[in-house]
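Encoded as structure tokens, the structure appears first; notes follow it.
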Amino acid sequence: MNRRTFVRLLGAVPVLLWAPGAGARSGVPLLKFSELYGRVTVRGAEYSDKLKGLQGQKVQMSGYMAPPLKPRLDFFVLTKQPMSTCPFCTTAADWPADIVLVIMPRGRELEPTTRGLQITGRLDIGVKKDEDTGFVSLVRLYADGVTTSG
Amino acid sequence: MKYLLGLALLASSVASAANLSIYPYDGAKFVPGQRFDLRIEAENVQELKDAAVTLDGRPVEGLVRTTSKPTSAEWTLRSQSLPTGLHELKVRYTDANGEVTKTARWYVVPAVAPRAKNVILFIGDGLGWNTVNAARLVAHPYNPANGNATGQLAMMSGLSGMATVTTSSYDSAMADSANTASSIATGQKIQVNALNVYPDNTADSLDNPRVETITALVKRSMGKSVGIVSSAFGVDATPAAFASYTRRRGDYQAIADQYFKGDVQPDVLLIGGSRDFIPSTAPGSRRKDATDWITDSQKQGYTFVSSRTELNAAGGNKLFGLFNIDNIPSYLDRAQYQTPEALGDFKDMPYLWDSTKKAVETLEKNPNGFFLMVEAGMVDKYEHPLDWQRAIWDVLELDKAVEWAKTYAKSHPDTLVLVTADHAHSLSVYGTYDAAKGPGKREAVGVYEAAGFPTYGDKRDANGLPLPETSRTYAVGFAAVPDYCETYLGRRVFLDPTVSNGQTGAAAGFLPNPKLCQEGAVTRTGNLPPSANQGVHTADPLPLFAFGPGSENFFGMMDQTDLFFSMARALGLDATRTR
């Protein structure tokens, strides 16, 4: 089933921007997509020293929302570039290697958008499987602020 | 008489209420001894009474009857084979609606004396006639003094056989790589997305009725070695079609496992896409279990290599190479652009000619001979997003691998070399482009004699291939496109032609990638549905170029399934014998 059919329901949730405080706060370390991994070999990826050092801390990232999986965007995938494909819509999706799962706080949801996003949130790394969707993530942000950046 | 006809029509309509399917399908062809699973499925059955299945007039023994739902009945008998000749399977059953009958006729071709001991089969994924031609035009510019070609591709010169190949799927006029590669591998028409299996009525994609591949056949009945090489991720459709069986080409983990546990178990496997061969605990893995084929393959006697240097130095009789966690990047990315975005930490990856050479050197140790399939997988991967330059330069890389194989075949006259494709894309060379007037200016497109000859080849890379950047390029486009921005020129960092429009449900679709539009571009209105984000395969014909013994089996117009039978003839394949 094409999950995007569900997402239409989101029109009832008119919350795109949600930024407690100033959103992008000063003093919050910036994390770039290019800084996520140190080495990628045929045996898998290795987290960068910067990523390991920021584990559990609040960080700020910029990116784009991948076409969403669920009707209620309590989580979404942040990508470096806007994606043309809906990886969730096919079996065994071909994701880029550097993606970040953004988990919204309980009760907070977003509408799908193609605009650039700035996220602040707590960084969590390690292989984790979402039991509902089977989606395996390596890098997660538990968001506390989302703003559009362009 | 009218009354009788009416009765016949009534009987026929009752019969059609019940839906009876037989696999292998009516009209299927096989080589002697080629194994297949027999599957009979009756749907919309009410109170099944009796059933009879006969082959050539004799009852078929050993059928296993199942009932996957209350209104169906199925009969399965796996791993069957037949001798040369015409065969007829008749199915008859009776239920509350009356009697239903159906017949499937199969033909098993005669075996012939072998002409070739070895086969090297090159498959350019998406290598339609026009794609080969575009590569020829780039690699061998015309002499501006007289309009004569300055050379030919290796794949199209010194031929001893040539054919034009048509494609179709069991259930579609348009082809995908899974069923077309499967048609080459088995001689059967196969469903879209399926690998070497017939349809069935169960949800399990791995239990479908199978038909034996040429790689399994030559291994089982002739004791030959088998090699599979691809620049795509290794469980992608084309390499998978030569060693696995599934209804769903996305069964990546199962396909990876079948490489080492299936009926082929290639002696040489040189591919991209390590993420399907490393345990799920490794970041970047796509597996769902702890299987580690890098470690386990070595326990099975494989030498494991992961770089060009290791590959070139490797010995041994069984070789497993993984050269990237995903696809091996395009030739232009590996040899010319070398950007961190494309290469990452993979800075020492083999060229297709390296892998071809090492595969042959490994496989030829078997005195019984070998079958090697080499796929240029990235041609299709870049035709889909309309990046014709990356696609065409991967054809040039393929051509150098073919050149090496042709040289090998000259000193090994028992080796048949074939170059063909699985399907085409709608690529066409329609003019030239004056780069000084670009990017993206429609006025810079020249047609006919006003265009002048392109200037490829004024600068060349370390491998002798032309650089794509030159003052006058070809204007190349695709017939089947989404809305996108055409710049006419390539770029060092790949960009998708489209991005999501952010809409959902029926309004979901794709927009031209704004980054491409910003480069200065002509906006092209697409002709595919708004849900399409890239170009699609076509029904256009494909080339087949043949060199060496058995080439005479490849000529004229051929259906893709014929390629299997022509390879079998060249090898003298008779699988009623088992080594």
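Just so you know, these numbers come straight off a predicted model, no measurement behind them. Order of the sequence lines fixes the chain letters, A, B, ..., with proteins taken first and strands second; residue numbering starts at 1 for each chain.
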- Run the numbers on A:D144 and A:K58 for salt bridge (Lys or Arg N to Asp or Glu O under 4.0 Å), then give the verdict. CA-CA 9 Å; A:D144 63 13; A:K58 183 177 285 191; 2.6 Å; yes
- B:S307 versus chain A, heavy atoms under 4.5 Å apart: side chain, backbone, both or neither? neither
- Task: Go through the steps for A:Q81 and B:K515 under the test side-chain hydrogen bond (donor to acceptor under 3.5 Å, both in side chains), then give the verdict.
- Result: CA-CA 10 Å; A:Q81 298 283 359; B:K515 290 193 176 180; 2.6 Å; yes
- Item | Interface moiety of A:V127 toward chain B, non-hydrogen atoms closer than 4.5 Å | side chain
- Pick one of side chain, backbone, both or neither for B:I294, based on which atoms fall under 4.5 Å of a heavy atom in chain A. side chain
- Contacting region of B:K288 [heavy-atom separation from chain A under 4.5 Å]: neither
- Query: Cation over ring, A:R122 on A:Y142, under 6.0 Å and within 45°?
  - Reply: yes
- Task: Kindly indicate whether a cation-pi arrangement holds for B:R286 with B:F233, taking the cut-offs as under 6.0 Å to the six-membered ring centre and within 45° of the axis.
- Result: yes
- Task: Would you mind checking which part of A:E46 comes under 4.5 Å of any heavy atom in chain B, side chain (CB onward), backbone (N, CA, C, O), both or neither?
- Result: neither
- Taking the side chain from B:S274 and the backbone from B:F277, do they hold a donor-acceptor pair closer than 3.5 Å? no
